[in-house]
**Student:** 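Here it is, the structure in full.
Lettering of chains follows the sequences in order, A, B, ..., and the numbering in each one begins at 1.
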Amino acid sequence: MGGARRPPLARFGSWLGVLPFFLFSGMFLIAPAVILAYRSLEGPDGTLTLDNYRALTTNTVIAAYSMSIRISLTTAVIGGLIGFFLAWAVSMGGLPRPFRSGLTTFSGVASNFAGVPLAAAFIFTLGRVGVLTALFELIGVDLYGGGFTIYSYWGLSLVYLFFQIPLMVLVMLPALDGLKQDWREAAENLGATPGQYWRRVALPVLLPSILGTMILLFGNAFGAHATAYALTGGLLPLATLLIGQQISGDVLNNPGLGYAVAMGMVFIMGLSIVLYSILQRRSERWLG
Amino acid sequence: MSGFLSLHGIRKEFDGVVAVETFDLDVEPGEFVSFLGPSGCGKTTTLRMVAGFEQPTAGTIRLAGKDVTYAKANERNIGMVFQSYALFPNMTVADNIAFGLRVRKEEGSARSDRVSELLDLIHLPDKAKSYPNELSGGQQQRVALARALAIRPQLLLLDEPLSALDAKIRDDLRAEIRRIQRQLNITTIYVTHDQEEALALSDRVVVMSKGRMEQVGEPFEIYNNPATGFVASFVGQLNRLPVTVEDPALGRIRLGRYELRTTSMIEAPAGAGLSLMMRPEEITLDDAEENVLEGIVETVTFLGSIVRVQIAVEEGKLIADLFNERLLELPEAGDSTQISFPPHACWVMA
Ligand SMILES: Nc1ncnc2c1ncn2[C@@H]1O[C@H](COP(=O)(O)OP(=O)(O)OP(=O)(O)O)[C@@H](O)[C@H]1O
Ligand SMILES: [Mg+2]
């Protein structure tokens with residue numbers, strides 16, 4: 001087909017449509033990243049240097065990254081599993097219909113519940129003098145005596161799970177709906193038990209979305225700052241908290257290092273986004 | 001009499017609403033039987049009871065001498081082909097076909113032999129490593145057929161397998177299904193709402209309406225001797241004119257000012273009002289000894305080998321299908337014409 005060329009104006013018109021996208025990403029994504037990259041290469045005296053990046057290998061920084069990664073992995077995996085089973089229970093586990101709409105509504109709200117209000121809610125309920133802590137004491141369970149505290153690794157994980165699980169539910173529900181009834185019946189018809197169907201068909205088909213969403217959860221926890229800060233102050237060494245301390249803290253103050261730590265986080269986030277989009281593409285092909 | 005597959009007194013209700021009732025059918029080994037009927041008449045429900053996806057509210061299903069009414073679907077050894085193909089998207093064509101053998105723990109080499117045998121049968125030997133989303137609809141449905149046949153099922157069930165395909169592919173695959181069915185001599189039930197499909201494929205057709213069997217018979221018989229008015233009008237085109245009986249014994253009936261005659265039985269007394277029915281292909285635009293009406297041509301539709309003419313007569317409208325080659329000249333809208341049909345080609349019904 002040797003079609004006629006489109007007139008220049010039409011070509012320009014088709015570019016016009018994507019202009020807002022480029023403006024938006026330029027303003028809110030690319031410009032900040034460039035500034036960030038530049039600042040991370042700046043020494044305290046304003047000269048260009050790689051010192052900030054060298055400082056990334058110091059113990060404090062490595063500890064912060066490691067803590068951030070571990071807590072993000074923990075809450076992504078645990079939140080992902082619990083969220084998946086909840087979504088499964090309301091979509092095909094035979095729970096009555098109202099459960100599903102109830103869970104969806106709750107998840108919509110809870111997955112956006114973060115920062116100071118979330119931390120406060122947990123301090124009031126599970127803090128040292130929280131309502132639930134007191135209730136547990138009444139029935140003879142001494143949480144804090146038993147070594148638990150919400151101002152710890154597992155405490156913060158618990159708080160993160162409060163938005164991780166709902167987020168998983170919200171993303172998995174449509175994926176589970178994408179499983180065709182015909183697939184299950186075809187498998188059954190060919191002699192498969194329900195277990196064989198899940199192992200050979202349903203789980204492999206869902207796996208890209210399960211893994212992809214867990215990566216999403218990882219990123220969600222990895223980038224969280226306000227919740228952790230409000231809950232633990234600076235007690236837990238997290239990468240996001242470290243950045244805050246370096247850039248605007250009064251004790252430690254080395255903005256260049258802060259920006260370099262941030263660049264490291266951008267890199268890790270970038271990796272997760274790439275992985276996520278690969279998995280997402282596969283899952284769309286199967287479940288779309 | 002009891003067949004290879006026998007459905008006896010089958011009834012199915014969903015929350016008290018009847019979907020299928022008094023369904024009795026015996027299918028012989030190697031027979032190809034179609035369930036034909038309009039949407040919602042219970043074809044799929046009946047097929048799903050045979051497959052084991054639904055349990056009858058009442059009645060029994062026997063397969064090869066065994067009562068399978070309440071047997072689990074995964075223990076029936078029945079192959080099923082779905083309208084949506086239902087291929088597993090995460091598996092290659094070969095793995096899809098091998099699925100039933102794999103869950104049966106069949107040994108690897110026997111399994112791959114069987115897979116290539118089936119790929120040859122469906123004429124797709126070079127698609128073994130493709131994924132379902134890389135195939136056309138027709139190819140996917142062939143693979144679904146191979147997958148169902150791989151387990152050497154006692155019975156093959158197909159639920160509108162062609163309705164998602166284009167007309168051309170539909171015709172090819174229809175012939176293909178029949179060829180494979182004959183080659184394997186596998187007992188088959190085929191669900192369709194397309195009467196042409198049912199007539200072309202089947203040894204016998206079960207015509208259904210509103211959850212009931214209207215008629216069971218060979219395609220020729222269903223078409224030429226429809227048992228009920230529903231069958232007559234659902235299978236093929238049908239002309240209907242209001243008549244009154246004059247002499248049941250002689251087959252004499254009256255249509256307005258015309259006196260007509262039929263050789264088929266009239267089970268009604270003189271004076272009863274009935275419908276006179278005839279197929280469009282039985283009508284000619286010639287003069288004849290008897291059963292001659294006068295009318296005006298309304299539309300003429302050229303359909304290739306036949307020409308469909310709609311004619312207004314005193315008591316209604318008639319459709320006549322005329323063979324292209326026999327027409328000296330095409331009738332035109334507005335022409336007045338004579339219409340006739342032989343007494344043996346028309347019948348009366350309530
Ligand atoms: N799971 C179900 N729950 C309730 N009613 C059902 C169910 N399955 C089928 N029905 C009802 O039973 C009747 C028969 O449905 P069925 O699917 O067997 O029709 P069909 O002949 O296959 O129609 P189609 O040509 O549209 O596929 C319909 O009235 C349908 O609404
Ligand atoms: Mg149906």
Side-chain angles (χ1 to χ4, degrees), chain A residues 84 87-88 91-98 171-215 275-288, chain B residues 44 47-48 50-54 71-92 95-106 111 114 131-134 140-141 143-161 164:
Chain A
F84 175 77
W88 174 82
S91 73
M92 31 186 73
L95 280 177
R97 194 96 203 136
V171 184
M172 283 321 293
L173 271 177
L176 283 163
D177 290 340
L179 282 181
K180 291 196 190 120
Q181 162 99 351
D182 283 355
W183 290 335
R184 201 184 56 228
E185 292 186 345
E188 206 180 334
N189 175 256
L190 292 163
T193 60
Q196 284 171 320
Y197 159 71
W198 270 96
R199 210 161 55 243
R200 294 183 182 281
V201 182
L203 277 181
V205 168
L206 287 174
L207 200 62
S209 3
I210 294 175
L211 290 180
T213 312
M214 282 186 178
I215 291 173
L275 255 177
Y276 174 75
S277 53
I278 292 172
L279 290 165
Q280 199 57 27
R281 207 166 312 148
R282 163 157 298 200
S283 127
E284 267 163 23
R285 210 169 56 210
W286 287 350
L287 289 168
Chain B
T44 298
L47 199 74
R48 288 170 60 82
V50 175
F53 297 132
E54 304 283 359
K72 284 189 185 159
N74 58 8
E75 288 166 3
R76 292 192 185 197
N77 203 35
I78 290 174
M80 178 143 175
V81 175
F82 297 78
Q83 182 178 355
S84 66
Y85 325 135
L87 294 177
F88 306 129
N90 57 320
M91 295 179 202
T92 60
D95 286 340
N96 264 283
I97 297 175
F99 184 86
L101 305 172
R102 195 163 271 146
V103 299
R104 278 171 174 67
K105 307 269 190 301
E106 196 157 309
R111 205 165 65 207
R114 180 76 179 143
Y131 280 86
N133 64 351
E134 296 161 357
Q140 289 188 54
Q141 198 56 298
V143 175
L145 179 63
R147 181 179 67 176
L149 291 170
I151 58 171
R152 297 186 176 83
Q154 319 180 64
L155 187 65
L156 179 64
L157 308 176
L158 304 106
D159 191 357
E160 311 217 16

**Student:** What pair of heavy atoms forms the shortest contact from A/Trp183 to B/Ala86, and how long is it?
**Tutor:**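 Distance-wise, the nearest heavy atoms are CD1-O, 3.6 Å.
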**Student:** With no hydrogens and no angle check, is any side-chain donor or acceptor of A/Asn189 less than 3.5 Å from a backbone partner on B/Ile78?
**Tutor:**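 Yes, the answer is positive, given that a donor and an acceptor are paired below the 3.5 Å cut-off.
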**Student:** Relative to chain A, which segment of B/Arg48 carries a heavy atom at a distance below 4.5 Å: side chain, backbone, both, or neither?
**Tutor:**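 The side chain, not the backbone.
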**Student:** To the nearest 0.5 Å, how far apart are CG in A/Leu190 and CD1 in B/Ile97?
**Tutor:**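 One finds 11.0 Å between CG of A/Leu190 and CD1 of B/Ile97.
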**Student:** For B/Arg111, I'd like to know if atom CZ has over 12 heavy atoms of other residues, nucleotides or ligands within 6.0 Å.
**Tutor:**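 More than 12 within 6.0 Å, yes.
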**Student:** Given a strict heavy-atom distance threshold of 4.5 Å, which part of B/Arg104 is in contact with chain A: side chain, backbone, both, or neither?
**Tutor:**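 The answer is the side chain of B/Arg104.
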**Student:** Give, as side chain, backbone, both or neither, the part of B/Leu101 having an atom under 4.5 angstrom from any heavy atom of chain A.
**Tutor:**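 Contact with chain A is absent: no heavy atom of B/Leu101 under 4.5 Å.
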**Student:** Determine the minimum heavy-atom distance between B/Phe53 and A/Glu185, stating which atoms define it.
**Tutor:**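 In this case the closest contact between B/Phe53 and A/Glu185 is CZ-O, 3.2 Å.
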**Student:** Quick one: does any side-chain atom of B/Asn90 pair with a main-chain N or O of A/Arg200 as donor and acceptor, under 3.5 Å?
**Tutor:**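 Checked: pair present.
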**Student:** Look up atom NZ in A/Lys180 and atom CZ in B/Phe82, then write down how far apart they are to the nearest 0.5 Å.
**Tutor:**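 With rounding to 0.5 Å, NZ (A/Lys180) is 12.0 Å from CZ (B/Phe82).
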**Student:** Would you name the heavy atoms of A/Val205 and B/Pro89 that are closest together and state the gap between them?
**Tutor:**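 Minimum heavy-atom contact is CG2-CG, 3.8 Å.
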**Student:** Heavy-atom pairs under 4.5 Å with chain A - which of B/Gly100, B/Ala150, B/Gly52, B/Pro132 has more of them than the others?
**Tutor:**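 When all of B/Gly100, B/Ala150, B/Gly52, B/Pro132 are compared, B/Gly100 has the most.
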**Student:** Non-hydrogen atoms of chain A under 4.5 Å away: do they reach the side chain of B/Ala148, the backbone, both or neither?
**Tutor:**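 Backbone only.
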